[in-house]
Structures are given as structure tokens and as C-alpha cells.
Number of protein chains: 2
Amino acid sequence: MAAQRGQRNGVGVTPPAPTAAEITTPIPRVTEVPAARERARAIPEAAVARLAVYLRVLSGMQEHGAGTVSSEELAAAAGVNSAKLRKDLSYIGSYGTRGVGYEVTVLIEEIERILGLTRKHSVAVVGIGNLGHALANYGGFPGRGFPVTALFDVDPDLVGVPVGGLPVEHIDDITRVCSEREVSIGVIATPPPAAQSVCDRLVSAGVQCILNFAPVVLQVPDHVEVRKVDLAVELQVLSFHVARRADNAAVLAEASARSANGRAVDGLVVS
Amino acid sequence: MAAQRGQRNGVGVTPPAPTAAEITTPIPRVTEVPAARERARAIPEAAVARLAVYLRVLSGMQEHGAGTVSSEELAAAAGVNSAKLRKDLSYIGSYGTRGVGYEVTVLIEEIERILGLTRKHSVAVVGIGNLGHALANYGGFPGRGFPVTALFDVDPDLVGVPVGGLPVEHIDDITRVCSEREVSIGVIATPPPAAQSVCDRLVSAGVQCILNFAPVVLQVPDHVEVRKVDLAVELQVLSFHVARRADNAAVLAEASARSANGRAVDGLVVS
DNA sequence: CTGACTTTGTGCACACGTTCACAAGCGGTA
DNA sequence: TACCGCTTGTGAACGTGTGCACAAAGTCAG
């Protein structure tokens, strides 16, 4: 658990579109930088995820020719409450006009900027089974900006076979290929036992963001960002709600039986 | 938006294991059931999701022949801090032995009970495209307890074709088939425009839990539980972190430049 | 039986995220 | 120009979830 950060890799920079040209240089290695943390961390993780949703909704509105939206409209379409929406938007700046609303195009631009969508993020998919196939075939991946540029698998029979227009590479070439193609996001769609090893290889190839579909808790150095999509967990959470619902129903049934017994109850009883 | 609950269906109960026989007691009140809510809702959503993870880790340990685990070990394997793990487990009861740890089999049983995994949950997949194919082929779905019992699509050419050993049905039969097979979880893997309509049909077929893979915000009555898996959002959140990292690097660079200028900075700077 | 050691279960404080409610600000109108 | 109605942006209250730290409770050795 003890710190143990470090493990810097050679920072394979090569100026990746002039997001900021003069950056990157020295690396003073800082354990805590309050100010930097403050400014960038100001926007909560949960809000970031919602911004992505707002962005999608806004794109839809733009295609329908909408010029402006109020927080109320946008919130309804995104399935959140309007106060939360306004607060989320306030994290990225003040781009609304009081009494009017938000200009759709402006909002889209600003959210894209904050989410870093002005830059292309090259994606590699590892594990070309059922799921990997599906992911590779999404083609360009949901929304533009995330081109799939590499596919990997262990199975020699798969190597060279084009999937979604891209030939599968052998997993042993992962480091080389990821560097060459400047992969910034790795997607793990392998069977569970292979996941950690694949993850390690991706990390040592310089990939700093990983999307993990394997039902495994990945161990990574803390400069690497992992998000996981776990089908089993999702289903089990739903299962829990089914069970909870059944319990509640039991309670309600009993309560209603009791009230039918003649005693008045203090709540509304629906017929 | 206004309340509008109701829409009860025949509550296909079949006693779901005697969770607690004598409990439950008083509580009239229908529109809100404080105590029932309290007891069942006592366990936070975030904790439920983690319990599913603990369960998986525990199963792995059981196969490796472990008899007991300490909170420390289990926490490390699950990637959380041990205090949180103990608190999560305390939500479901006290099944540990001080000075020793938890008995693996006991913990597995209890978590399964809480998550409602003692009952089978029949799953229907709607939309047999790339993703739907992948989901159908998971076969039995991650971990047992979630048998896929129906597949649906609009495409007439697909109807009757077996996928993962199960023939695809036409989507118009969704209500009938879901009722017949007592589907409790619906999985939406259709293109975005179809998602809401499919969702509505599932709901009117009595399905109360939905797992949504379509990048759409679903509108459902509030007795229906929806969880969504949104690839685009996941990728965009990762993209945000890439951007943030770049920003931080820039700030660090600036800070270091300043400190090199002779002035101390307000953070700790390690070599 | 006693005492040393280990690990659970939880009270408490803190941080984060959500919601409320309202002042500030803008456009339209007379 | 002055007023009115509408919508944003945000300070503050609230609730939930997280992490710390320790008493309680068990095991084991002698």
C-alpha cells in the first residue's frame, strides 16, 4: 500500500496535437500540488460522466435544429434535475444567458473541450472473442474521436484476420504496436485469467487509460486510470433490487392485510 | 412526473427463501413505507455493487481451498480499503469471528442471499446485432443464476435462427414470450432509436429490471429499475482524464519553472 | 485461568455530492 | 428609460458515503 508510485516510463511524447505545446518538459515529481489539484480536480467525477450524457443529448438537439435550450429542457432530456445540471455546467464555466438559456453549439464546444474530445484518442482492443468482435465492429467507436487502431489476440489463427476492417495482431507485439500507433486507451475484452497480464503489458507499452470488460479487479500503478464494465455486477445489482422489491411487496401485503382487519392506517391506501 | 405509480402486475411471488420470517412487523402506510424502506434500503447502492465483487473474489478463494479470510486480505484482493469492506459486510450482518476473520463459505452464502442469487433470474436479450450476439453467446451469462431464456429482434431474417443455442423471436411477441418465460431482467442491445420503444414493451410485459446498452436516456415508470452501460460515456470519461493529465503536466511544468527561479512553491517537491 | 495478540464491528468526523432557494442578470415591452 | 418576467449561477443546508481509530470479542499459549 505504501506510496510506491514511480515506475515512470519514458514518456513517449511526440507532440500530440498542440493541446499545449510547451508542456510536458521537466517533471519535478510532486507528491501533492494543491493548486494544480484544485483547478483540475474541481470538477467531480460524477459530473464528468453526466457531461458526456449532456453532450449526446445536445448533439441530438442540434441535429433537430435547436438554437438554445434552457436548463429545464436539457435536464429533462438527460434525466436529471435542473439544479444539478446547472451546477454541472457551472463547473466548466458560465456559458448561459440569464432569462434565455444556453446556446446549443457553444455548450457542445465547451463540453467537448473539457472532455478532451478535440484530440483524437486512439483505441486498442485486446481479446477478439465475442465481445472483442462486437467492439471492433462498432467502427470508429461510439461517437467519433475514438478510432480503433489496433486489435490483439493470443490465438495465432486469428492473427492477420481482418475484423471490422483491421487485421488482428499477435499480443506479443502489443508494446511495439501501441507505441507506433500512439494508443492512448486500451480495452480489455479477454477471459478473466488473461486480464491482469494483458493490463501489465498495456501499461508497460505506455497506455495510461484502460477500459476493462473482464470480471477481474486489476492492479495498476496509480498513474493509470481504469474504468470497468462488469456485466456480472450489473446483473447482480439488478437481482438485489428484485429481491428488495419482493421483500417490500411482502411488507406491503402484510400491512394491507392488517389494515383490512379494520384498523385505520395513517397512510394513503391505494385501492 | 407526478407520482403515477401503480401498474401492478400479478406479483409472481413464489416465496424467495425465508429471508427473515418474524421480522417486518408493523408498518402500515402504502405510498411510503419508512421502515421497510429503511431495512431494505439500509444497504447503500455502492455497497451492493461492491458485495458482488467480494462474492466473485470469495468464489475464487474457495476454489483455491481457502477456509477463512481476514478483512485485510479480502479487501486487498477486491481493491478496496479494509474498513470499507468491513462496513459493507456489516450491512448484511455479523458473520465474522474476531481474531480470526470470515469463513469463506458462510460469507458466500450470505452475500448470495442478500443479492437474491438463490433465485434464478431469467434474462431476455433484445437486439441481436454484434453486441446482442456476444451477450447471447456468453451462455448462461456471467456466473450462474442468470439463464438467457429469450432473444428478440425486429429483423424477420433473424427470427428462428439459433444464437447461442436459442432461437431468435420476433420483437412483436415480446409481451407473450416474456410472460410465459417469466423474464425478470431485460437487456437492451438495440440501436439507439429503437431503445425507448423496446423499453416500453418490456415494461408493459411486466419486466421490472432493465440493463441498457443503448446510448439513450430511458424514460421509465419509477417502479422499474434501470442500469445502463454506456461505452461512449466510459470512453469520454477516460478522455477527460487524459486531458486532465496533460493539464496537470503543464501546471507542474510551470511550478517547477517557478521553483527553479529560486522561489519556493507551496507543494512538496521531491527530487 | 490469565494474559497477550489478533481481527472484527462501529461511533465519529470528514469529504463529497445533491438539492433548495434566491439574488443577479438579461431580454422584451411600454 | 424603467419595469417585468424569465433563467442562470451559486451559497448554504442537507444527506450519503468514506476513512480513522478504538473498544469489544474472540483465539491461543502457557
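Chain A is the first sequence line, chain B the second, and so forth, proteins listed ahead of strands; every chain is numbered from 1.
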Undergrad: Given side chains that start at C-beta, do those of A/Y54 and A/I111 come closer than 4.5 Å, heavy atoms only?
TA: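 Heavy-atom side-chain distance check passes, below 4.5 Å.
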Undergrad: Could you tell me if the side chain of A/F213 sits less than 4.5 Å from the side chain of A/L211, heavy atoms only?
TA: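 A/L211 vs A/F213: side chains touch.
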Undergrad: Just to verify, what does A/T105 make a side chain to side chain contact (heavy atoms under 4.5 Å, CB included) with, not counting sequence neighbours?
TA: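 Side chain to side chain contact (heavy atoms under 4.5 Å, CB included) list for A/T105, sorted by chain: A/Q62, A/E103.
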Undergrad: Just the rounded figure in Å: distance from P of D/dT16 to CZ of B/R50.
TA: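 Distance, rounded to whole Å: 15 Å.
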Undergrad: Kindly indicate whether the side chain of A/F240, heavy atoms from C-beta on, has any atom under 4.5 Å from the side chain of A/L238.
TA: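 Of all side-chain heavy-atom pairs linking A/L238 with A/F240, none is under 4.5 Å.
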Undergrad: Give the table of side-chain donor-acceptor pairs shorter than 3.5 Å for residues 78-86 of chain B, with sequence neighbours excluded, one pair per line with atom names and distance.
TA:
residue: B/N81; atom: OD1; partner: B/A83; partner atom: N; Å: 2.6
residue: B/N81; atom: OD1; partner: B/K84; partner atom: N; Å: 3.0
residue: B/R86; atom: NH1; partner: B/S71; partner atom: OG; Å: 3.1

Undergrad: Return the value, rounded to whole Å, for the distance between atom CD1 of B/I43 and atom P of D/dT16.
TA: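 Going from B/I43 (CD1) to D/dT16 (P), I get 15 Å.
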Undergrad: Given atom NZ of A/K84 and atom C1' of D/dT8, what is their separation to the nearest angstrom?
TA: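 Rounded to whole Å, this separation is 18 Å.
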Undergrad: Under the side chain to side chain contact (heavy atoms under 4.5 Å, CB included) rule, what do B/H223 and B/Q208 come out as? Steps first, then yes or no, please.
TA: CA-CA 7 Å; B/H223 64 89; B/Q208 303 214 343; 3.9 Å; yes
Undergrad: Could you list the residues that satisfy side chain to side chain contact (heavy atoms under 4.5 Å, CB included) with B/E112, not counting sequence neighbours?
TA: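 Expected list: B/L55, B/I108, B/L117.
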Undergrad: Take the protein atom CG of A/L85 and the nucleotide atom P of C/dT18, then report the distance between them rounded to whole Å.
TA: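 Atom CG in A/L85 sits about 12 Å away from atom P in C/dT18.
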Undergrad: Which residues in residues 107-116 of chain A have a heavy atom closer than 4.0 Å to any atom of DNA chain C?
TA: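 None, since no heavy atom is under 4.0 Å.
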Undergrad: B/N81 CG to D/dA21 P: how many Å, rounded?
TA: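 In whole Å, D/dA21 P lies 12 Å from B/N81 CG.
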Undergrad: When you check every protein heavy atom under 4.0 Å of nucleotides 3-13 of chain C, what one-letter string (B, S, -) results, 5' to 3'?
TA: ---BBBBBBB-
Undergrad: Please report, to 0.1 Å, the donor-acceptor pairs under 3.5 Å made by any side chain of residues 226-234 of chain A, with sequence neighbours excluded.
TA:
residue: A/R227; atom: NE; partner: B/E234; partner atom: OE1; Å: 2.4
residue: A/R227; atom: NH1; partner: A/E45; partner atom: OE2; Å: 2.9
residue: A/R227; atom: NH2; partner: B/E234; partner atom: OE1; Å: 3.4
residue: A/D230; atom: OD1; partner: A/A232; partner atom: N; Å: 3.2
residue: A/D230; atom: OD1; partner: A/V233; partner atom: N; Å: 3.2
residue: A/D230; atom: OD1; partner: B/R56; partner atom: NH1; Å: 3.4
residue: A/D230; atom: OD2; partner: B/R56; partner atom: NH1; Å: 3.2
residue: A/D230; atom: OD2; partner: B/R56; partner atom: NH2; Å: 2.4
residue: A/E234; atom: OE1; partner: B/R227; partner atom: NE; Å: 2.4
residue: A/E234; atom: OE1; partner: B/R227; partner atom: NH2; Å: 3.3

Undergrad: Quick one: B/E45 CD to C/dG17 P, roughly how many Å, whole number?
TA: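 So the CD-P distance, B/E45 to C/dG17, works out to 17 Å.
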